[in-house]
Amino acid sequence: MSISKQLKRISETVWEIPQDFSPGMRVPGRILATERIIQGMEDAVVKQVSNVAKLPGIVDYAYCMPDGHWGYGFPIGGVAAMDTGDGVISPGGIGFDINCGMRLVVTNLTWDETKPSLKMLVDQLFKKVPSGVGGEGFVKISKNEFRKVVERGARWCVDQGYGWQEDLERTEECGCMRGAKSADVSEKALNRGFKQIGTLGSGNHYLEIQVAKPENIYDQELARAFGITVPNQVVVMFHCGSRGFGHQVATDYLQTLLKVMKSKYHLPIHDRELSCAPFQSPEGKAYFSAMKCAVNMAFANRQVILHRIREVFAEVFGRSAQDLGMHQVYDVAHNIAKIERHQVDGQERELLVHRKGATRAFGPGMAGLPEKYQKTGQPVIIGGSMETGSYLLAGVNSGSKTFYSTAHGSGRVMSRSKARKIFNGKTLLKELRDRGIYINTASYSGLAEEAGAAYKNIDDVTEATELAGLSKRVARFVPVGNIKG
Amino acid sequence: MPYEYLDDIATADVAFKVWADSLEDLFQQAAEAMMKVIVERMDRVDAKEEREIVLEDDSQEMLLFQFLQEFIYYKDAENLILKLSSIHLEHKGDVYGLKGILAGEVLDPQRHRFQVDIKAVTIHQFYLRQTDHGWECLVVVDV
């Protein structure tokens with residue numbers, strides 16, 4: 001079943017959902033994708049983009065990235081910018097796992113140097129970075145101290161010695177969104193989260209040791225600027241978010257906003273997962289502040305995980321993390337809403353940009369990028385399935401058409417239960433080990449659910465982002481070691 | 001079986017439908033169906049710890065929504081895998097109330113066979129309705 005009949009093709013990579021597709025749309029929708037990707041996209045994406053286009057205050061278009069697929073409220077891959085004056089904020093445009101994101105760190109080790117220690121590295125990382133359910137992080141703090149963590153983010157971690165100053169510059173928002181007030185989050189959220197700093201979680205969250213093979217470098221110059229300088233260099237990439245804390249914040253405000261949406265603000269409800277409130281309302285402001293707390297928790301979580309990774313490498317190789325050149329390349333969020341300034345119809349406007357399963361990809365020279373990346377554009381980290389590989393990309397100036405947003409991952413094509421029926425976790429683990437990917441997992445059935453065949457082809461997705469002018473491929477990494485939550 | 005997992009509703013997540021003669025049974029079965037997403041062997045979860053819950057809402061449907069969230073909360077806050085041990089539902093004026101005892105134990109990933117975590121109970125296609133034969137609900141959880 002193809003969705004292309006419902007769409008108007010604007011160019012090779014732009015597919016429009018006309019404003020008259022569904023009553024109430026305030027702007028048209030646009031899906032950025034190749035024909036091949038469009039052919040495989042679910043019907044539900046079109047419906048969901050059209051629902052997003054009905055949200056008050058939306059400007060330009062409701063966008064969907066090439067890895068778009070069905071989600072709650074917004075599709076995964078959904079990007080929508082609202083006017084900060086008369087627009088709304090919607091938890092459904094951010095996702096339950098607020099600031100789910102990716103972090104990439106390089107080493108100066110080659111695959112040959114690392115290979116003999118791979119098993120030890122993976123097993124140690126599996127021990128030091130708890131995954132699954134019930135794994136408590138090594139940062140033991142009181143609930144009161146946790147309030148500081150959610151207000152200060154990765155900065156809190158670096159102050160405690162869990163990281164380097166330069167890590168902060170190389171993190172979106174420098175690891176802390178300002179204006180996060182812990183008074184806006186519930187006790188339940190604090191209780192769910194305060195023992196979870198430094199934990200990976202479950203589902204599609206993972207920590208991977210990867211190799212940058214020379215044949216997989218797309219742009220030598222950019223790769224060098226991002227720290228990929230040696231053939232077969234070993235890097236570490238991980239994917240996780242704000243854990244139970246963020247999930248509770250999202251759950252709490254989904255209900256709060258749903259209660260006031262119709263009764264207080266007279267907004268029509270097209271999909272309950274698209275609950276929203278005016279950005280300037282007390283409820284909208286409280287959610288934005290609580291969301292920032294969850295964003296900061298996720299930055300702190302990934303900062304502590306990075307610290308643990310450095311510890312493990314230092315221990316295994318008997319050299320310091322500095323000596324091993326373990327610099328963070330970047331940390332990007334892919335479930336977030338932020339205030340940014342963008343050009344719309346030739347005018348600069350202040351907008352609340354929702355990115356849900358979409359990554360910010362600022363082009364060269366843009367404010368908000370550290371000095372180091374002013375010439376290159378922002379590093380963009382896109383995770384694939386545990387079998388197929390992941391990508392490092394760079395933001396480009398032509399990204400302005402989507403408020404400088406690009407894809408975030410590959411997206412599932414097979415349900416979890418189907419994957420479980422087709423694949424056996426233990427067999428898969430053995431097969432992957434035979435193929436040179438050493439895996440340790442908190443759950444065999446969970447591993448089966450994450451089999452490569454359950455995902456869209458990541459190569460197609462990243463190629464589409466380049467063809468659509470959203471981001472540029474820099475390097476592709478192949479996995480050699482994986483910790484699956 | 002009083003519940004069934006549905007493949008075609010949420011590709012990346014888990015959906016299930018529950019049927020029961022009474023509303024009390026439906027709450028119980030829905031909780032079990034949900035927790036079985038997290039651990040395979042709910043039958044091995046012993047009632048070592050109890051937690052009391054008191055909830056109210058202006059709709060029965062949202063009461064079920066809140067009720068299911070309690071299990072997700074205790075899973076993270078105290079690492080507890082819980083089952084519904086007893087439940088009392090009441091309807092006073094415009095408000096639906098629930099008093100319940102949840103019982104279970106701290107997760108043992110090996111013994112209980114941990115599968116995948118649940119991040120949240122979603123409201124996507126969520127419903128609770130009375131049918132000719134009893135009660136029915138549909139739940140989608142984000143994993």
Side-chain angles (χ1 to χ4, degrees), chain A residues 42 44 69-73 76 92 95-97 100 131-136 188-196 201-205 241 243-248 250-252 254-255 258-259 271-273 275 411-418 420-421 442-446 449-450 454 485, chain B residues 4-16 35-41 53 57-59 61-63 65-66 68-81 105-127 140-143:
Chain A
E42 308 143 291
H69 60 105
W70 174 90
Y72 302 108
I76 310 294
F96 282 104
D97 196 3
C100 187
S131 56
V133 167
E136 288 185 12
K188 275 194 165 173
L190 295 168
N191 287 338
R192 275 183 77 176
F194 82 101
K195 292 176 190 160
Q196 294 185 327
S202 160
N204 62 0
H205 292 166
R243 311 284 291 108
F245 177 72
H247 310 159
Q248 189 65 39
T251 301
D252 288 341
L254 177 72
Q255 292 169 91
L258 204 53
K259 282 205 168 92
D271 172 353
R272 285 188 293 179
E273 284 287 346
S275 77
R412 287 192 80 89
V413 287
M414 188 189 291
S415 75
R416 291 180 174 276
S417 57
K418 192 171 175 196
R420 269 210 307 271
K421 279 175 208 149
S443 158
Y444 285 113
S445 64
E449 291 176 8
E450 296 300 316
Chain B
E4 187 189 344
Y5 296 95
L6 308 169
D7 246 8
D8 52 354
I9 292 195
T11 307
D13 292 313
V14 180
F16 56 88
M35 294 309 279
K36 272 191 87 160
V37 172
I38 302 176
V39 294
E40 193 182 331
R41 299 298 302 261
I53 56 168
D57 207 291
D58 50 17
S59 88
E61 190 172 84
M62 292 311 278
L63 189 66
F65 187 64
Q66 277 198 49
L68 292 173
Q69 280 177 34
E70 291 293 312
F71 291 82
I72 303 304
Y73 168 73
Y74 282 113
K75 177 265 303 169
D76 274 342
E78 300 191 50
N79 292 338
L80 289 171
I81 300 295
E105 61 175 316
V106 169
L107 170 75
D108 178 338
Q110 267 70 44
R111 192 160 54 88
H112 299 142
R113 296 245 188 112
F114 167 68
Q115 304 197 106
V116 70
D117 193 10
I118 293 178
K119 290 175 186 164
V121 185
T122 80
I123 207 159
H124 178 77
Q125 293 191 13
F126 176 71
Y127 70 74
V140 182
V141 292
D142 187 4
V143 300

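Each chain gets a letter, A, B and so on, in the order its sequence line appears, and its residues count up from 1. Heavy-atom basis, side chains included; hydrogens, waters and symmetry copies ignored.
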Under 4.5 Å to a heavy atom of chain A? For B:Val121 that would be backbone
Relative to B:Tyr73, does A:Lys188 satisfy both conditions: NZ or CZ under 6.0 angstrom from the six-membered ring centre, and within 45 degrees of the ring's axis?
yes
Between chain A and each of B:Asp13, B:Thr122, B:Val116, count heavy-atom pairs under 4.5 Å; write down the option with the most.
B:Thr122
When heavy-atom pairs shorter than 4.5 Å are enumerated against chain B, which of A:Gln255, A:Arg420, A:Glu449, A:Lys418 gives the highest number?
A:Gln255
Which one wins on heavy-atom pair count under 4.5 Å against chain A: B:Val14, B:Ile38, B:Ile72?
B:Ile72
If you count heavy-atom pairs under 4.5 Å with chain B, which of A:Asp97, A:Asn204, A:Ile76, A:Leu258 comes out on top?
A:Asp97
Measure B:Gln66 against the heavy atoms of chain A and call it side chain, backbone, both or neither at under 4.5 Å.
side chain
Let me know if B:Phe65 has heavy atoms under 4.5 Å from chain A in its side chain, its backbone, both or neither.
side chain
Got a sec, which residues hit side-chain hydrogen bond (donor to acceptor under 3.5 Å, both in side chains) with B:Glu78, two or more places apart in sequence or on another chain?
B:Arg51
Passing option when B:Asp76 is tested against A:His247, A:Arg192, A:Lys195, A:Gln248 for side-chain hydrogen bond (donor to acceptor under 3.5 Å, both in side chains):
A:Arg192
Indicate the atoms forming the closest heavy-atom contact of A:Tyr72 with B:Val141, along with that distance.
OH-O, 3.6 Å
Supply the atom-to-atom distance A:Ser417 OG to B:Phe16 CZ, rounded to the nearest 0.5 angstrom.
13.0 Å
With a 4.0 Å cut-off, would you call B:Glu61 and A:Arg272 a salt bridge?
yes
From B:Ile9, B:Asp7, B:Leu6, residue fulfilling side-chain contact (heavy atoms from CB on, under 4.5 Å) relative to A:Ser415
B:Asp7
Side chain, backbone, both or neither: which part of B:Asp117 has a non-hydrogen atom closer than 4.5 Å to chain A?
both
Has B:Gln115 got a side-chain atom pairing as donor or acceptor with A:Ser445's backbone, closer than 3.5 angstrom?
no
Among A:Asp271, A:Leu254, A:Thr251, which residue satisfies the side-chain contact (heavy atoms from CB on, under 4.5 Å) criterion with B:Ile123?
A:Leu254
Could you list the residues that satisfy side chain to side chain contact (heavy atoms under 4.5 Å, CB included) with A:Val413, not counting sequence neighbours?
A:Lys456
Region of B:Gln69 in contact with chain A, defined by heavy-atom distances below 4.5 Å:
side chain
